[in-house]
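First comes the structure, then the notes that go with it.
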Amino acid sequence: MTPSLPLHVSNRIDPKKCRYPHCIVWTPIPLLTWLFPFIGHMGIATSSGVIRDFAGPYYVSEDDMAFGTPTKYWQLSLDKVKNREIWDNGVKEASEEYKTRMHNLFCDNCHSHVAYALNTMNYNGSTTWNMVKLAFYMLIYSKYVSCMGFIKTWLPFLILLAVIVGIVCGTKLS
């Protein structure tokens with residue numbers, strides 16, 4: 001059972017206001033996502049929907065994702081933490097910790113920030129969240145914010161693929 005909400009807090013996703021309560025959010029990274037569409041930038045939102053993301057060395061942004069607004073989200077259940085306060089404290093603690101860290105694309109990045117938050121709040125009784133697990137779960141459990149979110153994620157990859165196929169086929173015909 002979800003804890004009752006204060007009147008000013010909603011569980012409702014609102015892409016126009018960029019509010020994603022208790023969600024993990026994702027957005028493409030130019031060039032990197034164009035080549036590998038399953039790789040992107042990740043953030044985590046508070047129970048009121050305010051997004052926090054590890055955006056660079058010693059910097060966690062609030063409500064201003066490093067690579068633009070989310071194109072995908074995965075809303076997690078507050079039933080899998082004791083209460084909203086624990087969720088919000090987990091997001092806050094992870095953000096404070098990552099404000100002291102150097103960003104590393106391969107081993108201490110935005111995915112690690114989200115994993116730290118989930119581990120801190122003991123989400124779903126687990127402290128084994130990591131960047132690989134989160135990337136996989138976002139791939140299978142996330143929803144696109146809109147049709148444009150889907151297009152923004154996949155169109156550059158499909159254009160690159162078409163160009164490569166065109167070049168290969170053109171070369172073979174010559």
Side-chain angles (χ1 to χ4, degrees), residues 13 15-16 18-46 49-77 90-91 94-95 97-121 123-124 126-173:
I13 305 296
K16 288 183 180 169
C18 203
R19 287 292 174 257
Y20 298 87
H22 50 91
C23 287
I24 298 172
V25 294
W26 185 96
T27 193
I29 300 171
L31 299 176
L32 189 58
T33 306
W34 299 354
L35 297 171
F36 308 101
F38 52 89
I39 297 175
H41 183 66
M42 186 178 283
I44 188 166
T46 63
V50 176
I51 299 169
R52 300 254 179 104
D53 67 303
F54 184 38
Y58 315 108
Y59 181 67
V60 176
S61 70
E62 184 171 304
D63 255 357
D64 186 24
M65 282 188 81
F67 296 96
T69 58
T71 58
K72 297 192 311 184
Y73 67 93
W74 174 29
Q75 189 169 42
L76 299 175
S77 173
V91 173
S95 298
E97 172 64 28
Y98 273 77
K99 287 178 185 176
T100 69
R101 294 194 183 191
M102 183 67 181
H103 190 279
N104 181 306
L105 185 62
F106 300 105
C107 59
D108 205 13
N109 55 36
C110 57
H111 289 61
S112 306
H113 168 249
V114 173
Y116 189 100
L118 295 175
N119 287 330
T120 299
M121 65 181 76
Y123 185 77
N124 200 23
S126 175
T127 57
T128 60
W129 293 95
N130 61 57
M131 56 192 260
V132 174
K133 185 175 183 178
L134 282 170
F136 179 71
Y137 282 5
M138 277 303 286
L139 190 63
I140 61 174
Y141 293 125
S142 65
K143 297 177 183 176
Y144 287 93
V145 169
S146 65
C147 184
M148 275 310 294
F150 179 84
I151 291 169
K152 186 177 173 185
T153 300
W154 287 97
L155 186 62
F157 171 74
L158 295 174
I159 290 171
L160 272 173
L161 186 62
V163 168
I164 292 167
V165 168
I167 291 170
V168 168
C169 288
T171 308
K172 297 272 187 196
L173 295 175

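Fair warning: this is a prediction, and the values are worked out from it, not measured in the lab.
- What you find for Val145 and Lys72 is that their closest heavy atoms are CG2-N, 3.9 Å.
- With sequence neighbours left out, Ile164 forms a side chain to side chain contact (heavy atoms under 4.5 Å, CB included) with Val168.
- With a 4.5 Å cut-off on side-chain heavy atoms, Cys107 and Ser112 do not count as touching.
- Between Ile24 atom CD1 and Tyr123 atom OH the span is 8.0 Å, to the nearest 0.5 Å.
- Nearest heavy atoms, Leu32 versus Ile39: CD2-CG2, 3.6 Å.
- Residues Thr128 and Ser126 approach most closely at OG1-OG, 2.9 Å, considering heavy atoms.
- Here OH of Tyr73 is found 5.0 Å from NZ of Lys143. Values are rounded to the nearest 0.5 Å.
- By the 4.5 Å heavy-atom criterion applied to side chains, Leu31 and Leu35 are not counted as neighbours.
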For the pair Arg19 and Ile51, evaluate side chain to side chain contact (heavy atoms under 4.5 Å, CB included) and give the outcome as yes or no after the intermediate values.
CA-CA 8 Å; Arg19 287 292 174 257; Ile51 299 169; 6.0 Å; no

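- Each of Tyr59, Tyr58, Phe54 was compared with Tyr98 under the ring pair (Phe, Tyr, Trp, His ring centres under 6.0 Å) criterion, and only Phe54 meets it.
- Distance check: Thr71 OG1 to Phe150 CZ gives 10.5 Å after rounding to the nearest 0.5 Å.
- The two atoms that bring Ala55 and Ala66 nearest to each other are CB-CB, 3.7 Å, heavy atoms only.
- One finds the SG atom of Cys110 at 7.5 Å from the CE atom of Met65 (value rounded to the nearest 0.5 Å).
- For the ring pair (Phe, Tyr, Trp, His ring centres under 6.0 Å) test, residues two or more places apart in sequence or in another chain that qualify with His41 are Phe67.
- The closest side-chain heavy-atom distance from Trp26 to Leu134 is not below 4.5 Å.
- In Lys133, the NZ atom is crowded: over 12 heavy atoms of neighbouring residues, nucleotides or ligands sit closer than 6.0 Å.
- Under the 4.5 Å side-chain criterion, counting only non-hydrogen atoms from C-beta, Val91 is in contact with Met121.
- Asn119 contributes atom CG, which lies 8.5 Å from atom CH2 of Trp129 (distance to the nearest 0.5 angstrom).
- Checked by atom type and distance alone, the side chain of Thr27 pairs as donor or acceptor with a backbone atom of Thr69 at under 3.5 Å.
- Using a 4.5 Å heavy-atom threshold, the side chains of Pro15 and Tyr20 count as touching.
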Could you please spell out the steps behind the side chain to side chain contact (heavy atoms under 4.5 Å, CB included) verdict for Leu118 and Ile44?
CA-CA 9 Å; Leu118 295 175; Ile44 188 166; 4.2 Å; yes

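- Residues Asp53 and Gly43 come closest through the heavy atom pair CB-CA, 3.9 Å.
- When all heavy atoms of Met102 and Pro57 are compared, the pair lying nearest together is SD-CB, 3.6 Å.
- How far NZ of Lys99 is from CZ of Arg52: 6.0 Å, rounded to the nearest 0.5 Å.
- Tyr116 places no side-chain N or O within donor-acceptor distance of the main-chain N or O of Ser95, the cut-off being under 3.5 Å.
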